[in-house]
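In what follows, chains carry the letters A, B, and so on, assigned in the order in which the sequence lines appear, proteins first and then strands, with residues in each chain numbered from 1.
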Protein chains: 2
Amino acid sequence: MSERQPTLRERQRSETRHAIQAHAVRLFTERGYDAVPVTDVAEAAGVSAMTVYRHFPTKEDLVLVDQPTGLIAERVAASPTTWPVPHRVGGALVAAATALTVGAEAAADRRFLLDCLRLMVATPALRARHLEREYAMQQAVVEALGIDPADAEAAFPARAAVSACLAALHTALTRWAEDDGGTELPELIARALTASFGPDVLRAA
Amino acid sequence: MSERQPTLRERQRSETRHAIQAHAVRLFTERGYDAVPVTDVAEAAGVSAMTVYRHFPTKEDLVLVDQPTGLIAERVAASPTTWPVPHRVGGALVAAATALTVGAEAAADRRFLLDCLRLMVATPALRARHLEREYAMQQAVVEALGIDPADAEAAFPARAAVSACLAALHTALTRWAEDDGGTELPELIARALTASFGPDVLRAA
DNA sequence: CCATTCATGTGAGTAACTAACATCGCGGTA
DNA sequence: TACCGCGATGTTAGTTACTCACATGAATGG
């Protein structure tokens, strides 16, 4: 209820940010991530290099799309605590992917998301950073399970199971990009989870 | 049968390399990875910065220890093809970890390995690169399973299951470093796998 | 209409690399 | 033993990602 009409400055800033990212993804796709210096991205977007860094802390952040950590954590927290961890997390991943990539209002983001993922799959440095982000998401998900992360010994099994789920997610995202979105993402995630944890992962046991 | 007496040059080169890495890990541990420039490592080891780069392509490689991809792939390939993927890979991981960290002849490496892993856990850039390496290992393990990686659609379930196993491995390595080697690594891996895939993963079904 | 604030530009500086070239000493050979 | 090739190292200069300090101009709120 608090977000009211964006001021002119905010709109301009958001436009600048969007332009920078769009030109970056285009140039990286055309010439390869490593072959495009940040100065070229800035020039294409009509801004200075410094402005790029003010909007995106690192060159890698130009491509790495925000992960829906909050969305996933909510759904994990809402899942029955009696279920095994892979069931709880797996269900949340499929649901979040459906919300974000299936349906009419997600069509615009979809294209951009696929472009970013393709770059991520093709570029080692981007893959590394992407995996790091999923690792960060792990901590959020473990907390959402209702486990105190301070007690490392007790949290260990949960961390292991969650990281395994997120690895399956990563494989599904990679396949989705390779296939250029030809198969719906939720289905790929479901198949990745099934291949890892058995056919019951997505059944409410 | 071909590896004969190392010549003087080879010994010197190997010594230089070892000195560089030892000083690097020491300095990084003392002052933090990001706070130590490569020039300081070079100076401490008594060489020029250029020499450091000739031995280690990037600063990160000073800490990232070689992963025993070959060892694991061999054991995976030798496992019964009738077993589920997590069983085949899980067994290989536990066996490789036992060979590398348990026993008298592994004691020296153990200390160094723990130092490197602690740095890896503490430093985001190193974590990212380490995850990337495990991702590279995934491809080798999938091949070792006897699956043609060219057929992406057919390899997809295997890739998902293998990446989930390796995620469990990563969690175990992290815990091992946090605990400073207080629990044997094979046991941690076994627990991580069990938490993810159920109690039968390490039983010959 | 004026003062504040915020987005951006500019310039200098650090650090991770890379390439080109010089040097020096081990190692095989005449 | 004397010589020569080659490999390991040093030096220097350059590129690029990123940071800091400061200036500017325009949007904002009174």
J.: Identify, between A/V47 and B/D34, the residue whose nearest nucleotide on DNA chain C lies closer to the 5' end.
T.: A/V47
J.: Could you give the CD-to-C1' distance, from B/E10 to C/dC26, as a whole number of Å?
T.: 12 Å
J.: Without decimals, in angstroms, what is the distance between B/R9 CZ and D/dC6 P?
T.: 11 Å
J.: Rounding to an integer number of Å, can you tell me how far A/L8 CG sits from D/dG25 C1'?
T.: 14 Å
J.: Side chains of B/H23 and B/R26: is there a donor and an acceptor less than 3.5 Å apart?
T.: yes
J.: Report yes or no: is the cationic atom of B/K59 (NZ for Lys, CZ for Arg) closer than 6.0 Å to the six-membered ring centre of B/Y53, at no more than 45° off its axis?
T.: no
J.: At a cut-off of 3.5 Å, list every protein nitrogen or oxygen paired with a nitrogen or oxygen from nucleotides 12-14 of chain C, distance to 0.1 Å.
T.:
none

J.: Can you find a side chain N or O atom of A/T39 that sits less than 4.0 Å from OP1 or OP2 on D/dT16?
T.: no
J.: Do NZ/NE/NH1/NH2 and the carboxylate oxygens of B/E10 and B/R17 come within less than 4.0 Å?
T.: no
J.: Under a 4.0 Å threshold between the charged nitrogen and the carboxylate oxygen, would A/D115 count as salt-bridged to A/R110?
T.: no
J.: Tell me: CZ of B/R13 to P of D/dG7, nearest whole Å?
T.: 11 Å
J.: Which nucleotide, D/dT9, C/dA7, C/dA16, lies nearest any side-chain atom of B/V38?
T.: C/dA16
J.: Can you tell me how far apart CG (B/L100) and CG (B/L185) are? Round to the nearest 0.5 Å.
T.: 9.0 Å
J.: Distance check needed: D/dT16 C1' versus A/Y33 OH, whole Å only.
T.: 11 Å
J.: Taking atom P of C/dA15 as reference, at what distance in whole Å does atom CD of B/E43 sit?
T.: 13 Å
J.: State whether A/R118 and A/E178 are salt-bridged, where the test is any N-O pair (Lys NZ or Arg NE/NH1/NH2 against Asp/Glu carboxylate O) under 4.0 Å.
T.: no
J.: From CZ of B/R11 over to P of D/dG7, roughly how many Å is that when rounded to an integer?
T.: 19 Å
J.: Heavy atom of residues 48-62 of chain A under 4.0 Å from DNA chain C: which residues?
T.: A/S48, A/M50, A/T51, A/R54, A/H55
J.: Taking the six-membered ring for Trp, is the centroid-to-centroid distance between B/H170 and A/Y135 below 6.0 Å?
T.: yes
J.: Please round to the nearest 0.5 Å and tell me the distance separating atom CD of A/E43 and atom CG of A/L27.
T.: 10.0 Å
J.: To the nearest angstrom, how far is B/Q12 atom CD from C/dG25 atom C1'?
T.: 9 Å
J.: Judged by each residue's nearest nucleotide on DNA chain C, which is more toward the 5′ side, A/R17 or B/V36?
T.: A/R17
J.: To the nearest 0.5 Å, what is the distance between CG (B/L64) and SG (B/C116)?
T.: 8.0 Å
